[in-house]
Amino acid sequence: MATTPLLPDSRTEPDGSAVIRVLSYNIRSMQHDTDALARVITACAPDLVLLQEAPRFFRWRKKLARLASASGLVVLSGGATAAGPALLCSLRATVERTEDVLLPLTPGLHRRGFATAVVRFGGARLGVLSCHLSLRQDERYEQGGMLLDRLAGMGVEHAVAGGDLNDGPNGRTFRRLAGNLTDCWAAAPWGGEHTWGPADPHKRIDALFVTGGVEVLGCGVPHGQPGVTEADLRAATDHLPVLAALRVPAA
């Protein structure tokens with residue numbers, strides 16, 4: 001049986017550019033097996049983790065901090081202050097700034113937001129944004145535009161954005177993002193494609209995107225990778241994670 005090749009390890013190149021691993025993961029408020037969740041994240045060895053549905057209510061900061069610690073990471077931003085999206089990072093990252101953004105509230109629907117940051121790895125400077133877009137098509141499309149505007153206003157040449165889009169590659173919002181950014185899976189497919197539903201994943205509604213100049217070395221669901229078991233993937237949450245290796249040029 002063929003195995004999926006390994007993604008490149010994180011490293012800083014002699015010219016100051018950086019190879020980094022970025023993981024996007026809807027963790028469903030940590031309602032499932034948090035030990036399995038931490039094992040999956042740890043095995044992926046990410047420099048950045050873009051979370052969706054992070055804990056938002058009672059003792060949410062402590063829960064998020066425990067997950068970060070169990071995964072060998074630290075909390076960067078987000079959680080309840082971003083209405084669910086959050087960012088974790090390794091100690092390899094140098095943090096310039098963070099900002100949690102709440103999006104306009106549509107009465108009767110969930111509040112949405114972005115967790116954002118600007119970080120550096122070696123000589124590479126990178127904007128980061130985690131999102132969880134609306135279930136309603138018109139609101140989701142508007143939020144896609146807000147995402148693009150937010151990236152454009154971060155004052156960085158290179159950025160990565162991603163999360164649970166609640167939309168597939170043929171959807172209006174997904175196509176809006178892919179028309180302005182690079183869809184990492186489409187650029188360098190690796191591992192598995194589909195991220196949802198729980199019993200039989202058949203949709204790609206979770207994705208990572210990068211701005212021009214960032215090279216995608218591989219992106220997909222990390223099936224069959226060392227330390228990532230199918231049992232843990234099923235137990236951790238109702239989505240599958242998306243892992244990408246990126247080469248970010250020096251600033």
Side-chain angles (χ1 to χ4, degrees), residues 10 12 16-27 41 44-56 60-61 63-65 67-69 71-103 111-133 143-144 146-165 177 181-182 184 206-214 216 219 241-251:
S10 303
T12 301
S17 64
V19 173
I20 65 170
R21 288 183 170 212
V22 181
L23 185 71
S24 180
Y25 211 171
N26 182 319
I27 61 172
I41 294 174
C44 289
D47 299 288
L48 294 166
V49 182
L50 284 58
L51 296 176
Q52 302 84 47
E53 292 195 47
R56 293 183 295 136
W60 66 269
R61 287 185 176 87
K63 293 175 183 177
L64 194 55
L67 176 62
S69 178
S71 307
L73 303 168
V74 295
V75 178
L76 182 54
S77 69
T81 49
L87 299 173
L88 310 180
C89 69
S90 71
L91 294 178
R92 184 173 175 233
T94 299
V95 182
E96 287 193 10
R97 66 177 188 270
T98 65
E99 183 178 6
D100 298 331
V101 180
L102 291 176
L103 302 183
R111 192 68 182 256
R112 304 286 177 171
F114 301 145
T116 75
V118 176
V119 297
R120 288 184 286 113
F121 297 93
R125 187 167 178 258
L126 187 69
V128 190
L129 184 151
S130 177
C131 69
H132 185 187
L133 303 186
Q143 290 170 352
M146 295 174 198
L147 185 158
L148 294 172
D149 289 343
R150 177 61 53 172
L151 288 184
M154 290 181 74
V156 295
E157 183 177 0
H158 303 114
V160 58
D164 180 351
L165 306 182
L177 297 178
L181 305 167
T182 298
C184 293
D206 304 84
L208 286 165
F209 298 88
V210 292
T211 54
V214 177
V216 184
C219 177
V242 180
L243 177 65
L246 309 173
R247 180 178 284 112
V248 185

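Since we're looking at a predicted model, the values are computed, not measured.
- Partners of Ala117 under the side-chain contact (heavy atoms from CB on, under 4.5 Å) rule, at least two apart in sequence or in another chain, are Leu76, Leu87, Thr98, Val119.
- Sorted by first and then second residue, the salt bridge (charged side-chain N to carboxylate O under 4.0 Å, His left out) pairs involving residues 75-89 (not counting sequence neighbours) form an empty list.
- Under the rule for a side-chain contact (heavy atoms from CB on, under 4.5 Å), the partners of Ala45 that lie at least two apart in sequence or sit in another chain are Arg21.
- Counting only residues at least two apart or on different chains, the salt bridge (charged side-chain N to carboxylate O under 4.0 Å, His left out) pairs with a member in residues 241-251 are Glu13-Arg247, Glu215-Arg247.
- The nearest pair of heavy atoms linking Ile27 to Pro55 is CD1-CD, 4.3 Å.
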Next on the checklist: Using side-chain contact (heavy atoms from CB on, under 4.5 Å), reason through Val210 and Leu208 one step at a time and then give a plain yes or no.
Outcome noted: CA-CA 7 Å; Val210 292; Leu208 286 165; over 6 Å; no
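- Residues passing the ring-ring contact (aromatic ring centres under 6.0 Å, His included) test with Tyr25, sequence neighbours excluded: none.
- The line from OG1 of Thr182 to CG of Leu246 is 10.5 Å long, rounded to the nearest 0.5 Å.
- Applying the salt bridge (charged side-chain N to carboxylate O under 4.0 Å, His left out) rule to pairs touching residues 73-100 yields Asp47-Arg92, Glu96-Arg120, Glu96-Arg125, Glu99-Arg150, sequence neighbours excluded.
- Evaluation of the side-chain contact (heavy atoms from CB on, under 4.5 Å) rule for Ala124 yields Ala18, Val248 as partners, not counting sequence neighbours.
- By the side-chain contact (heavy atoms from CB on, under 4.5 Å) test, Pro249 pairs with His158, sequence neighbours left out.
- The side chain to side chain donor-acceptor pair (under 3.5 Å) test applied to Gln52 returns Ser24, Ser130, not counting sequence neighbours.
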